[in-house]
Asks: 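Handing you this structure, nothing more for now.
Within every chain, numbering begins at 1; the chains are lettered A, B, ... in the order of the sequence lines, protein sequences first and strands thereafter.
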2 protein chains.
Amino acid sequence: MERAEEPRWLNSEEREAWLTLVAVIMKLPAALDAQLQQDAGISHFEYMVLAGLSEAPARTRRMSDLAGFTESGLSRLSQVVSRLEKRGWVHRSTDPSDGRITLATLTDEGWAKITQTAPGHVEAVRALVFDPLTKAQSRQLGSIGKRIMGAIDPEDRCLRESAPL
Amino acid sequence: MERAEEPRWLNSEEREAWLTLVAVIMKLPAALDAQLQQDAGISHFEYMVLAGLSEAPARTRRMSDLAGFTESGLSRLSQVVSRLEKRGWVHRSTDPSDGRITLATLTDEGWAKITQTAPGHVEAVRALVFDPLTKAQSRQLGSIGKRIMGAIDPEDRCLRESAPL
DNA sequence: AGGAAGTACTTGAATGTTGAAGTAAAAGCT
DNA sequence: AGCTTTTACTTCAACATTCAAGTACTTCCT
């Protein structure tokens, strides 16, 4: 059982693309964190949580739903929401119709925070990602990302909406 | 100074591509770690360090050089190399020609480890990234990644070799 | 109705990462 | 030569993240 088939090594083009992609997944999160920490004193993950609430009906979402949106586990989310609650941006309450469920709601202060923070963050995303790409590449990036996510997490909600790849 | 120009919001295509890319940078590292942890008991970062040494002349590289290769800071690298040293896969020595420099060398055990681990890891990379893509998309992925890295880290060594984008 | 099983989160200990300060060697300045 | 600065790394403390319980509520089964 220990005998391996000759592995299908990456060719030089693939190898280079792979190393570049690894560089991106190492550095892009750091770059996003740096901008948000600098300009707003929050991490990218915290931004995602606030953004996820801001676009939800009644600015409210259940924890597990938010965990799905932020691609994180409940444990991490719970701790981060605790911090956001201490800062006065989020409020937690128990769902009256099911006591197991925790609802997270964006406060007015939280709304103000994300509203102030979003424009600068969008600028950073443009500067780091979309401005350096052609329109065709931006479109390709979406398709490529969706295909990779399909392989990582086949039953994810990333393929649910939006038809063409 | 507080008056912002109307921000250039992302259009729906860009927004979707962006959310997908965020999902990839959140989940792909976790998926790589899971495979390597499962099959070899090491993290992706540790794999990168071993791989970086394995392809260097005399299986040896200075710490700051390795830090560049792994896109990390010296602090993190130093701690990880300490762990790898305790496991017997890497050996540290001081450069005889410059006492400030630390050289990390892959031991024979380290070479055996990376040699056993690489085929399974390459399979995982293929399964998660290249198999779901067309050849053209794989090529595009390289170009797109390079352009994004160019924006994140303009004076990086990612643009030095390899001409076309 | 009562107990077992499942769901939705929260918490706490172990581990990993980051950032600032520390050490040590080499280079530059006068 | 002696003193400052720079370079290359290491370490320590603060902080974040993960994993394995723990809690509380609901649903299922008999």
Side-chain angles (χ1 to χ4, degrees), chain A residues 25-38 41-50 52-53 60-87 90-105, chain B residues 25-38 41-49 52-53 60-87 90-105 155:
Chain A
I25 67 179
M26 297 282 284
K27 283 281 185 80
L28 186 52
L32 296 170
D33 276 335
Q35 180 267 320
L36 284 167
Q37 205 68 58
Q38 185 85 56
I42 61 177
S43 68
H44 181 243
F45 187 80
E46 291 170 324
Y47 180 89
M48 294 274 285
V49 171
L50 297 177
L53 292 175
T60 296
R61 233 159 152 170
R62 31 187 307 198
M63 293 293 280
S64 48
D65 186 15
L66 253 188
F69 176 78
T70 56
E71 311 281 348
S72 80
L74 270 174
S75 174
R76 182 181 183 186
L77 181 66
S78 182
Q79 315 240 40
V80 170
V81 169
S82 297
R83 291 201 292 268
L84 295 175
E85 204 170 20
K86 265 176 214 135
R87 299 233 243 167
V90 174
H91 172 249
R92 264 190 286 211
S93 57
T94 302
D95 186 328
S97 76
D98 185 339
R100 292 169 299 184
I101 294 172
T102 303
L103 298 170
T105 304
Chain B
I25 67 179
M26 298 282 283
K27 283 283 185 77
L28 186 51
L32 297 169
D33 277 334
Q35 179 268 319
L36 284 166
Q37 205 68 56
Q38 185 85 54
I42 60 176
S43 68
H44 181 242
F45 187 80
E46 291 170 324
Y47 180 89
M48 293 272 287
V49 171
L53 292 175
T60 296
R61 234 160 149 170
R62 31 188 307 198
M63 292 294 279
S64 48
D65 185 15
L66 254 187
F69 176 78
T70 58
E71 310 282 348
S72 79
L74 270 174
S75 173
R76 183 181 183 186
L77 181 65
S78 181
Q79 316 240 42
V80 170
V81 168
S82 296
R83 291 202 293 268
L84 294 175
E85 204 171 20
K86 266 175 214 137
R87 299 233 241 166
V90 174
H91 172 250
R92 265 190 285 210
S93 56
T94 301
D95 187 328
S97 76
D98 184 340
R100 294 169 297 182
I101 293 172
T102 302
L103 297 170
T105 303
E155 52 265 283

Asks: Give the rounded distance in Å between these two atoms: CG of A/Leu74 and P of C/dG6.
Replies: 18 Å
Asks: Nearest whole angstrom, please: distance from the P of C/dT10 to the CG of A/Leu84.
Replies: 13 Å
Asks: Base, backbone or nothing for each nucleotide of nucleotides 13-25 of chain C, written B, S, -, heavy atoms under 4.0 angstrom, 5' to 3'?
Replies: ----SBB-----B
Asks: Check the distance between D/dT18's P and A/Leu77's CG and give it to me in whole angstrom.
Replies: 12 Å
Asks: Provide, to the nearest angstrom, the distance between the CG atom belonging to A/Asp95 and the P atom belonging to D/dA24.
Replies: 18 Å
Asks: So, the side chain of A/Arg92 versus the backbone of A/Glu85: is there a donor-acceptor pair under 3.5 Å, distance only?
Replies: no
Asks: Under a 4.5 Å cut-off applied to non-hydrogen side-chain atoms, are A/Val81 and A/Thr102 in contact?
Replies: no
Asks: Please tell me if B/Ser78 has a side-chain N or O lying less than 4.0 Å from either OP1 or OP2 of D/dT11.
Replies: no
Asks: Give a yes or no on whether the backbone of B/Arg76 and the side-chain of B/Gln79 come within a donor-acceptor separation of less than 3.5 Å.
Replies: no
Asks: Heavy atoms only: give me the nearest A/Leu53-A/Thr105 pair and the separation to one decimal.
Replies: CD1-C, 4.3 Å
Asks: Roughly, in whole Å, what's the span from CG in A/Asp33 to P in D/dA16?
Replies: 11 Å
Asks: Hey, is the main chain of A/Ser78 close enough, under 3.5 Å, to the side chain of A/Ser82 for a donor-acceptor pair?
Replies: yes
Asks: Whole-Å distance between C/dT11 C1' and A/Arg92 CZ?
Replies: 11 Å
Asks: Whole angstroms only, please: what is the CD-C1' distance between B/Gln38 and D/dC19?
Replies: 15 Å
Asks: Hey, are the side chains of B/Glu46 and B/Arg87 touching, using non-hydrogen atoms and a 4.5 Å cut-off?
Replies: yes
Asks: Reading DNA chain C from 5' onward, which residue's closest nucleotide shows up sooner: A/Ser82 or A/Ile101?
Replies: A/Ile101
Asks: Does D/dT7 have OP1 or OP2 under 4.0 Å away from a side-chain N or O of B/Ser64?
Replies: no
Asks: When you measure from the side chain of A/Asp33 to the backbone N and O of A/His44, does any donor-acceptor pair fall under 3.5 Å?
Replies: yes
Asks: Round to a whole Å and report the spacing from CD of B/Glu85 to C1' of D/dT11.
Replies: 15 Å
